[in-house]
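To keep things clear, I will list the structure first and then write my remarks on it.
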Amino acid sequence: MNLGIESETLEFKKSTGELKEAIHSICAILNKHHHGEIYFGVKPDGTPVGQIVTEESLREVSQKIKNHIEPQIYPEIKKVVLDGRDCIHVKFSGEQIPYFAYGMARIRVADEDLLMSPGEITNLLLKSGREGNRWENLVSNKTIDDVDEELLKKYIIQAHDVGRIAISYTDKRTVLNQLELTEGDKLLNVGKALFSDDIIQDVQMAIFATSERLTFNDIQRHHGPVLKLVDIAESYIKNNIHWKVEFTGARQRLEIPEIPIDAIREALLNSFCHKDYSSGESNEVAIYKNRIEIYNPGTFPEGLEPQDFIDKAERPIRRNPKIARILYYSKDIESFGTGLKRIADACDEAGVRYEFQKKRTGFVVCFYRPEEKKPIKADKKPIKADKKPINDERKDRVLDYIKENGSISNKEARELLGLADSTTKRLLNELVKKEILKIEGERKARRYFLL
């Protein structure tokens, strides 16, 4: 009699002397197929050789499986006779992946049990939907007293005003309990991440001198509640990108960023929503001459591409669903699984090139900056003011602006026309000499009005 060859769901062991190896095989098979079989007393080629089978040996198999496999499984273990030889047959199943044997997770590939990497374990956990073992559900080292009360109060007011929760602020303990962020006096990790301070909740930000990660002009690092870190990182980017000014005819000028702020904030929120907080790595913002990168230390779901969430409306796979839920309540994120599409839509509308990059250790949203015009090299001799006659088109634009807004300053005229300061002053003075405009005020307060 021959039982055939080993497969991804079938394993042979010559005796219970290989019980530890068998337990690793059980976990590997469960993590891949959720069910399988193992025979003790059978050679790897499928030939039964038998072993001594007693109540004690059956109990040993049962207890070792119970004590060394997490989460616990309940296999069927019995004595079988193959070719007149006593053997042990173990039939098992389980849906609570990932399974660990002796603290390690393996996965079945052909007839081998391969050790899983931390990234593979995380992806398996995300696919399984098991909530209990997620980092955000574990009890943290922080208590209710460590919560930033002003931040929590601001959050509750915002979430209530947008109509996504009916909770009103009373006190920290009550509100945190209503949001399911505590266990006794302790904060769960989700509560710590959002409303308390910890070194693992941090963002590193830098401005590099070129388009390479070599010399930096500025570097900063901040830690604290996620909601504060998003605001800090957003302000850092806004203060270090280029803005252009457009005059639309209204009194208030329109300032337009080179990269849409909605896309930047969405990318930052996504980076903290999907961060692998157990990795100990920092979120990063890197500003280069030609691009801005927002890095999230959390690998992208295995088997999926970023474009799947833009074109195919793929169902979301959430690394930290409670963090995402809390941010949804306050409308910081609009809805689950739409972040990448919102980034793409905002960039497409603004004509900004973007890229989503899957890394071995994380995920990057990259915004490409518009190419800067090269400055004209200055001559050794001082540049003389433009003495050419000022054309009528420039005069008409100034006069139209004044008709719309009532007056114009030298700075507003300079930005409107895109001219040097000296050329702008000459144009305005010429209009004054021709008695088209009049001046009121001195120096910086000086404005030009129609006569």
Side-chain angles (χ1 to χ4, degrees), residues 3-44 46 48-80 82 86-139 189 276 278-279 299 301-302 317 319:
L3 297 181
I5 60 173
E6 293 177 318
S7 69
E8 289 205 339
T9 57
L10 180 62
E11 176 75 11
F12 301 135
K13 298 296 181 188
K14 285 190 288 185
S15 73
T16 50
E18 298 178 292
L19 184 52
K20 183 173 182 178
E21 291 80 4
I23 288 174
H24 281 304
S25 294
I26 291 172
C27 284
I29 292 169
L30 286 172
N31 286 333
K32 184 74 170 284
H33 295 287
H34 309 283
H35 64 88
E37 298 173 88
I38 286 186
Y39 285 89
F40 293 96
V42 178
K43 292 170 63 176
V49 292
Q51 76 156 64
I52 296 173
V53 180
T54 63
E55 288 294 327
E56 186 178 344
S57 59
L58 293 174
R59 190 178 302 110
E60 180 190 16
V61 172
S62 174
Q63 288 178 346
K64 285 289 177 67
I65 290 174
K66 176 184 177 182
N67 293 336
H68 297 291
I69 293 181
E70 280 290 332
Q72 199 165 9
I73 63 170
Y74 302 92
E76 178 186 326
I77 304 169
K78 62 183 180 181
K79 173 183 173 180
V80 293
L82 304 173
D86 291 346
C87 301
I88 297 174
H89 178 230
V90 180
K91 188 175 182 180
F92 52 88
S93 64
E95 299 294 331
Q96 291 184 284
I97 60 171
Y99 286 90
F100 294 80
Y102 298 94
M104 292 179 285
R106 285 178 163 81
I107 195 157
R108 191 76 164 180
V109 179
D111 60 352
E112 291 187 285
D113 306 319
L114 304 182
L115 197 64
M116 296 175 68
S117 69
E120 290 171 325
I121 295 171
T122 299
N123 284 330
L124 204 60
L125 184 59
L126 290 173
K127 286 181 179 179
S128 74
R130 274 177 60 202
E131 295 291 330
N133 285 350
R134 293 181 188 272
W135 173 87
E136 63 176 2
N137 291 326
L138 302 178
V139 176
N189 278 332
D276 181 359
S278 63
S279 70
T299 53
E302 186 181 357
I317 296 177
R319 187 183 304 278

*Ser7 (side chain) donor-acceptor with Leu10 (main chain) under 3.5 angstrom*: yes

*Do the side chain of Glu70 and the main chain of Gly103 share a donor and acceptor less than 3.5 angstrom apart?*
no

*Is the side chain of Arg106 donor-acceptor paired with the backbone N or O of Ala101 at a distance under 3.5 Å, no angle test?*
no

*May I ask you to decide if the ring planes of His24 and Tyr102 are parallel, tilted or perpendicular, using 30° and 60° as cut-offs?*
tilted

*Short side-chain to backbone donor-acceptor contact, Asn31 and Ile107, under 3.5 Å*: no

*For Ser15, which residues count as a side chain to side chain contact (heavy atoms under 4.5 Å, CB included) partner, sequence neighbours excluded?*
Gln51

_Close side-chain approach of Phe92 and Ile65, heavy atoms under 4.5 Å_ = no

*Flag side-chain contact, heavy atom, 4.5 Å: Ser25 against Arg108*: yes

*Going through the checks in order, is the side chain to side chain contact (heavy atoms under 4.5 Å, CB included) test met by Ile73 and Ile26?*
CA-CA 10 Å; Ile73 63 170; Ile26 291 172; 3.9 Å; yes

*Worked verdict on Asp276 versus Thr299 for side chain to side chain contact (heavy atoms under 4.5 Å, CB included)*: CA-CA 8 Å; Asp276 181 359; Thr299 53; over 6 Å; no

*Lys13 bridged to Glu21 by N-O distance under 4.0 Å*: no

*Charged N to carboxylate O under 4.0 angstrom, Glu18 versus Lys20?*
no

*Just by distance, do the side chain of Lys91 and the backbone of Glu37 share a donor-acceptor pair under 3.5 Å?*
no

*asked:* Counting C-beta onward and ignoring hydrogens, is there a side-chain heavy-atom pair between Phe12 and Ile38 closer than 4.5 Å?
replied: no

_Test side chain to side chain contact (heavy atoms under 4.5 Å, CB included) applied to Phe40 and Val53, step by step_ = CA-CA 10 Å; Phe40 293 96; Val53 180; over 6 Å; no

